[in-house]
Amino acid sequence: MFSQLVESFALSKLLTESPAKLKRFREKLLAWYAERGRDLPWRRTCDPYAIWISEIMLQQTTVAAVIPYFERFLDRFPTVQQLAAAEEADVLKLWEGLGYYSRARNLHAAAQDIATNHAGSFPRTAEELQSLKGIGRYTAGAIASFAFDERAPIVEANTQRLYCRLLGERGDPKSTGVQKTLWQFAETILPKNDCGLFNQALMELGGTVCTIESPSCGDCPASRYCVAARHDLQQQIPAAKRRSKPTPLVDVTVAVRKDDRYLIRQRGLGEWWTGLWDFPRLTLDETLLTRITLPSVPARSSRDQPNLFTREPVCEELRSTIEQFICDQTGVSCRLRGAELEVRHAVTRYKIRLFCCLADYQSGRLSSDQPLKWVRVNALSELAFSQPGRRFADRLIEIS
DNA sequence: TAGACGTGGCA
DNA sequence: TTGCCAAGTCT
């Protein structure tokens with residue numbers, strides 16, 4: 001035990017306080033990155049705008065998911081001025097399916113900020129960058145180092161895991177104390193020059209070698225400096241975080257038909273999928289659920305494999321609840337039809353049973369105090385199963 | 001400071 | 001099927 005403590009201490013000192021070891025570590029890391037680093041679209045450019053877009057898209061999102069969105073976005077908005085001049089709705093539509101839509105709204109707002117308050121030229125320092133909406137400490141450091149080679153440290157999921165293992169840090173990585181240690185470490189190991197390249201190399205190592213489940217320590221240029229590898233603590237470090245169980249919910253969407261069109265509404269502030277278009281949608285409250293019988297599930301269902309139609313009618317209380325909801329939310333009265341659909345979705349912390357009802361317009365005018373539209377749609381059954389963010393708008397015709 | 005915010009892939 | 005996770009930020 002004592003010898004382990006001595007060794008942990010000695011090793012962590014080696015990396016951060018021995019200039020020779022640190023130099024060797026940097027050389028080995030950069031050599032490894034030159035040989036093994038992936039060729040990704042945003043690594044081929046020094047354009048701060050493109051790097052910014054990629055960094056925002058990559059927040060909590062996999063590389064594979066981002067690539068097509070990144071290409072489309074830059075194709076549509078090649079410069080910060082063009083993004084600033086866009087309608088927010090167009091930016092959101094381009095973002096649809098990526099999730100975390102506030103990223104898109106912040107991106108748009110920040111572009112306008114740059115266009116009007118920074119004379120259209122991109123802020124060059126991490127400090128300035130962090131004053132923009134949606135750019136926190138990590139993203140500011142990433143853009144400043146990748147695009148301008150500022151000596152700015154970075155800590156995000158990949159590097160956090162890497163640093164924790166290198167240091168043998170067993171505490172909760174999210175705790176204030178450990179965060180302070182990690183940011184300090186990130187700054188200490190940064191070389192004088194080529195910081196952008198160095199940061200990319202750190203992230204790449206964390207992302208492809210120093211993985212969560214089975215890190216490839218045999219291929220790691222830093223394993224000889226790694227406390228976790230020395231003591232076989234890769235599974236214990238970093239400390240696992242706990243997640244709460246998803247909350248079960250029952251949602252109902254209603255496709256109200258008038259001639260060949262259906263009623264949709266734009267979701268407002270404080271709701272999920274803010275700014276995206278959706279069928280009117282309500283969450284059934286628990287007391288109602290105790291009184292009614294929901295249509296049974298006809299077949300296998302999962303997040304992405306919706307059930308086929310079921311023809312079970314809803315009970316009278318549910319019918320009147322839904323019809324009243326439509327009237328309150330949209331101003332029109334409607335009559336539910338006999339066909340109801342069901343599907344199950346999991347949305348992050350919620351496990352949602354989703355019923356999709358068809359209804360016929362009866363009478364009334366659309367409320368003028370919120371965005372509502374009658375639109376033609378493609379493939380109603382697919383659309384009814386969709387959530388706003390899951391390519392919903394792609395199935396609408398004549399949305400604007 | 002913990003919880004909110006989305007979606008898709010993988011075991 | 002379920003749970004966990006992915007280049008975080010904001011409140």
Side-chain angles (χ1 to χ4, degrees), chain A residues 37-38 40-43 51-70 92 95-107 109-110 129-143 145-146 152-162 172-179 182-183 186 196 199-208 210-214 238 240-248 267 269-276 278 297 300-305 344-352 386-392:
Chain A
R38 290 167 295 178
L40 299 171
W42 42 87
R43 286 182 176 164
I51 289 169
W52 174 45
I53 302 300
S54 75
E55 285 304 326
I56 301 300
M57 286 185 171
L58 285 161
Q59 289 172 5
Q60 306 286 283
T61 309
T62 56
V63 167
V66 165
I67 289 174
Y69 281 88
F70 177 75
L92 273 177
W95 204 271
E96 196 175 48
L98 254 195
Y100 287 123
Y101 300 96
S102 63
R103 294 184 297 178
R105 291 192 297 274
N106 288 337
L107 204 59
L129 286 162
Q130 222 181 314
S131 72
L132 296 170
K133 270 192 170 178
I135 298 186
R137 190 173 180 185
Y138 159 72
T139 305
I143 299 171
S145 64
F146 301 167
I154 54 162
V155 178
E156 41 64 67
N158 296 313
T159 43
Q160 175 174 284
R161 185 170 55 249
L162 174 66
D172 174 2
K174 287 296 169 200
S175 70
T176 309
V178 173
Q179 278 291 305
L182 297 180
W183 279 99
N199 277 339
Q200 290 271 18
L202 286 167
M203 291 172 70
E204 188 75 351
L205 187 62
T208 63
C210 195
T211 54
I212 301 172
E213 277 306 317
S214 47
K241 52 188 167 190
R242 52 191 174 283
R243 285 205 173 204
S244 51
K245 277 194 172 172
T247 306
R267 299 180 67 89
L269 286 172
E271 296 184 272
W272 270 60
W273 307 298
T274 302
L276 300 186
D278 189 17
V297 184
R300 286 170 55 80
S301 64
S302 73
R303 274 193 296 219
D304 304 308
Q305 295 287 312
R344 294 176 182 200
H345 279 302
V347 182
T348 312
R349 294 166 314 287
Y350 301 105
K351 181 184 171 65
I352 301 177
S386 296
Q387 293 174 170
R390 301 191 181 197
R391 301 319 202 102
F392 186 91

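Protein chains get the first letters and strands the later ones, always in sequence-line order, with residue 1 at the start of each. When reading the values below, keep in mind they use all heavy atoms of this one structure, side chains included, and skip hydrogens, waters and symmetry mates.
- Rounding to whole angstrom units, CG of residue A/L132 and C1' of C/dG8 are separated by 15 Å.
- We find that CG of A/L92 is positioned 12 Å from P of B/dT7, with the value rounded to whole Å.
- Proximity of a side-chain donor or acceptor of A/R103 to a complementary backbone N or O of A/Q59 within less than 3.5 Å is detected.
- Nucleotides C/dA7 and B/dA11 are separated by 16 Å at their P atoms, to the nearest Å.
- C/dA7 atom C1' lies 4 Å from atom OH of A/Y138, rounded to whole Å.
- Straight-line distance between the P atoms of B/dG3 and C/dC4: roughly 15 Å, to the nearest whole Å.
- Within 4.0 Å (heavy atoms only), A/G206 reaches no atom of the nucleic acid at all.
- Proximity of A/R349 to the phosphate of B/dC5: a side-chain N or O atom is located under 4.0 Å from OP1 or OP2.
- Distance CD1 (A/I352) to C1' (B/dT7): 13 Å, rounded to an integer number of Å.
- Backbone-only engagement by A/K133 is indicated by non-hydrogen atom pairs under 4.0 Å involving sugar-phosphate atoms exclusively.
- Protein atom CD1 of A/I67 is 13 Å distant from nucleotide atom P of B/dG9, rounded to whole Å.
- Counting any heavy atom pair closer than 4.0 Å across all strands shown, A/W95 reaches no nucleic acid atom.
- When heavy atoms are screened at a 4.0 angstrom cut-off, A/E156 is found touching the sugar-phosphate backbone but no base atom.
- Counting non-hydrogen atoms under 4.0 angstrom, A/L98 reaches a base of the nucleic acid.
- Rounded to a whole Å, the CD atom of A/E55 is 9 Å from the P atom of C/dG8.
- Between A/E204 and A/R43, at least one side-chain N (NZ, or NE/NH1/NH2) sits under 4.0 Å from a carboxylate O, which counts as a salt bridge.
- Residue-to-nucleotide contacts include a donor-acceptor pair under 3.5 Å from the side chain of A/T61 to the base of B/dG6.
- Put simply, A/T139 has a side-chain N or O that comes within less than 4.0 Å of OP1 or OP2 on C/dT9.
- Contact of the A/M57 side chain with the A/V66 side chain is registered, since non-hydrogen atoms from C-beta on lie closer than 4.5 Å.
- For C/dA6, one of the phosphate oxygens OP1 or OP2 lies less than 4.0 angstrom from a side-chain nitrogen or oxygen of A/R161.
- Contacts of A/I154 with the nucleic acid, taken as non-hydrogen atoms under 4.0 Å apart, are absent.
- Taking 4.0 angstrom as the limit, A/W273 places none of its side-chain polar atoms (N or O) nearer than this to OP1 or OP2 of B/dC5.
- Contact of the A/Q130 side chain with the A/T139 side chain is not registered, since no non-hydrogen atoms from C-beta on lie closer than 4.5 Å.
- A centroid separation of 6.0 Å or more is found between the aromatic rings of A/Y69 and A/W95.
- Among the atoms of the strands shown, only primed sugar atoms or phosphate atoms (P, OP1, OP2) are found under 4.0 Å from some heavy atom of A/T176.
- Contact annotation: A/Q60 reaches the phosphate of C/dG8 (side-chain N/O to OP1 or OP2, under 4.0 Å).
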Item to check | From CA spacing to verdict: side chain to side chain donor-acceptor pair (under 3.5 Å), A/N158, A/E156 | outcome: CA-CA 6 Å; A/N158 296 313; A/E156 41 64 67; 3.3 Å; yes
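- B/dG8 and C/dT9 are spaced 23 Å apart, taking the P atom of each and rounding to whole Å.
- In this structure, A/A157 reaches the sugar-phosphate backbone alone: every heavy-atom distance under 4.0 Å involves primed, P, OP1 or OP2 atoms, never a base.
- Rounding to whole angstrom units, NZ of residue A/K351 and C1' of C/dG3 are separated by 11 Å.
- Residue A/Y350 has no polar side-chain atom (N or O) positioned under 4.0 Å from OP1 or OP2 of B/dA4.
- Closest contact between the side chain of A/K241 and the listed nucleotides C/dA6, C/dT9, C/dA7 involves C/dA6.
- Taking atom OH on A/Y100 and atom C1' on B/dG3, their separation rounds to 11 Å, with Å as the unit.
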